[in-house]
Amino acid sequence: MSKLPVLYLSCETEALTGPKGQESLRRLVPRDQVVDSVAFITSEEGGAQPNILHQCGEGVLARRLQSDMKARGFEVAVNGSREPGLKLLAESMIQLVPAEVIELRLNTGMASEHYREIGHCIEALRDQGVLLICLDRLDANGNNASYHQPHDSYIRNLIRQWEDEQRWVNAMSNSSLRGGGSYATNGSPVAEPTLCILNTAFSLGGMKAPQRLFGFSLNQKGSPSQVMVGCNKLRKKQRIP
């Protein structure tokens with residue numbers, strides 16, 4: 001089974017449920033790849049710890065992820081969810097009922113390396129038929145004046161900075177100077193839900209920038225929505241009609 005892509009969706013959730021949104025999103029999942037289950041990674045302000053919300057299925061994936069995260073030092077509760085939106089979205093994207101749909105809801109306030117460690121933890125699921133979707137929900141009331149779209153210079157420069165820092169860490173890890181600590185990751189808490197998800201998506205993609213960037217407007221208000229697909233190297237920008 002080939003490794004599934006990692007998707008980063010940045011838009012209003014409602015924009016994904018209409019016919020235009022569903023048709024566009026279906027193109028992001030290769031037809032020749034088998035999707036067994038779907039895991040959404042989201043974030044919200046506050047909260048004491050990450051939570052796994054079980055949307056549908058037997059709960060095998062939810063318990064497996066809980067166990068894997070516990071092994072890395074993250075205490076995560078598994079709860080049921082009564083919100084049908086993500087389950088319906090998953091079904092519309094892969095055009096069948098997944099064996100299981102879960103939501104890993106991250107809390108803000110941890111350091112960047114903790115979100116990246118979570119990404120490393122769940123990255124193995126890509127080889128097990130699990131489609132990973134990092135979902136950064138925009139405010140439905142349009143109050144997104146300070147929000148940075150994934151294609152703008154702020155986000156691109158930020159990811160390039162992360163790539164440079166990672167190369168520096170890798171280089172210094174084999175150096176006799178590694179005890180200096182000057183290359184250590186910033187341990188300050190991350191307060192923005194968007195940056196929590198971006199850090200997780202960054203580590204899911206091998207600590208590299210997105211392979212492709214798709215931009216499209218899905219909602220009736222014309223608010224821009226962005227999708228970042230894969231995570232190897234930024235090579236292509238394409239607009240979905």
Side-chain angles (χ1 to χ4, degrees), residues 1-44 50-66 68-69 76-106 118-119 121-138 140 150 193-194 196-198 200-201 204-205 210-212 214 216 218-219 225-231 240:
M1 182 180 294
S2 60
K3 181 176 292 188
L4 289 166
V6 176
L7 306 184
Y8 178 97
L9 309 182
S10 175
C11 56
E12 298 176 12
T13 307
E14 293 78 5
L16 303 173
T17 58
K20 182 179 179 182
Q22 293 177 358
E23 180 181 356
S24 298
L25 292 175
R26 288 190 195 110
R27 306 179 198 177
L28 304 179
V29 182
R31 294 184 177 181
D32 61 341
Q33 291 187 312
V34 178
V35 177
D36 179 68
S37 299
V38 178
F40 290 91
I41 298 93
T42 66
S43 181
E44 64 176 0
N51 282 285
I52 297 174
L53 301 178
H54 181 236
Q55 301 281 339
C56 69
E58 297 296 326
V60 175
L61 175 60
R63 292 190 295 271
R64 185 196 317 162
L65 180 56
Q66 181 189 38
D68 291 345
M69 292 185 67
V76 185
V78 176
N79 298 296
S81 176
R82 298 181 180 179
E83 300 178 11
L86 295 183
K87 174 179 177 293
L88 295 176
L89 176 59
E91 291 176 0
S92 68
M93 288 184 67
I94 64 177
Q95 302 184 64
L96 53 83
V97 179
E100 191 167 347
V101 178
I102 64 172
E103 175 188 0
L104 173 60
R105 186 174 295 176
L106 304 173
I118 289 174
C121 177
I122 60 181
E123 199 274 340
L125 297 178
R126 295 175 64 189
D127 293 313
Q128 302 170 20
V130 181
L131 180 65
L132 302 175
I133 303 175
C134 299
L135 179 59
D136 185 17
R137 297 186 180 98
L138 270 68
T194 293
C196 298
I197 299 176
L198 274 176
T200 307
L204 277 170
Q211 184 179 30
R212 293 183 178 89
F214 298 88
F216 55 94
L218 294 178
N219 62 9
S225 306
Q226 301 296 326
V227 179
M228 294 199 290
V229 187
C231 290
I240 298 178

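FYI, side chains are in, hydrogens and waters are out, and symmetry mates aren't considered; it's all heavy atoms of this structure. Numbering of residues begins at 1 and proceeds along the displayed sequence.
The shortest side-chain heavy-atom distance between I122 and D68 does not fall under the 4.5 Å cut-off. With contacts defined as side-chain heavy-atom distances shorter than 4.5 Å, the pair R64/L125 qualifies. Between I133 and M93 there is a side-chain heavy-atom pair separated by less than 4.5 Å.
Partners of S37 by side-chain hydrogen bond (donor to acceptor under 3.5 Å, both in side chains), not counting sequence neighbours: none found. For A39, the side chain to side chain contact (heavy atoms under 4.5 Å, CB included) criterion is met by I102, V130, L132, not counting sequence neighbours. Qualifying side-chain hydrogen bond (donor to acceptor under 3.5 Å, both in side chains) partners for E91, counting only residues two or more places apart in sequence or in other chains: K87. In this view, E123 and K3, R126 satisfy the salt bridge (charged side-chain N to carboxylate O under 4.0 Å, His left out) rule, not counting sequence neighbours.
From L131, atom CG reaches atom CG of D36 across 11.0 Å, with rounding to the nearest 0.5 Å. Remark: L61 CG to I52 CD1 distance equals 8.0 Å, nearest 0.5 Å. Separation of atoms CG (L104) and CG (L65) is listed at 5.5 Å; rounding is to 0.5 Å. Going from atom CD1 of I197 over to atom CG of L9 covers 10.0 Å, rounded to the nearest 0.5 Å. Within the model, atoms SG of C196 and CD1 of I41 stand 13.0 Å from one another, a figure rounded to the nearest 0.5 Å.
Of all the heavy atoms in L53 and G80, the pair that sits closest is CD2-O, 4.2 Å. The heavy-atom pair separating A90 from V101 by the smallest distance is CB-CG2, 4.0 Å. A pairwise comparison of heavy atoms in C134 and V6 identifies SG-CG1, 4.4 Å as the closest pair. Across all non-hydrogen atoms, the minimal contact from T194 to Y8 is CG2-OH, 3.7 Å.
With hydrogens and angles ignored, the 3.5 Å screen pairs no side-chain donor or acceptor of E103 with any backbone N or O of F40. Side-chain atoms of E100 come within 3.5 Å of backbone N or O of A62 as a donor-acceptor pair.
Listed by first and then second residue, the side chain to side chain donor-acceptor pair (under 3.5 Å) pairs that reach into residues 53-63 are Q55-S81, sequence neighbours excluded.
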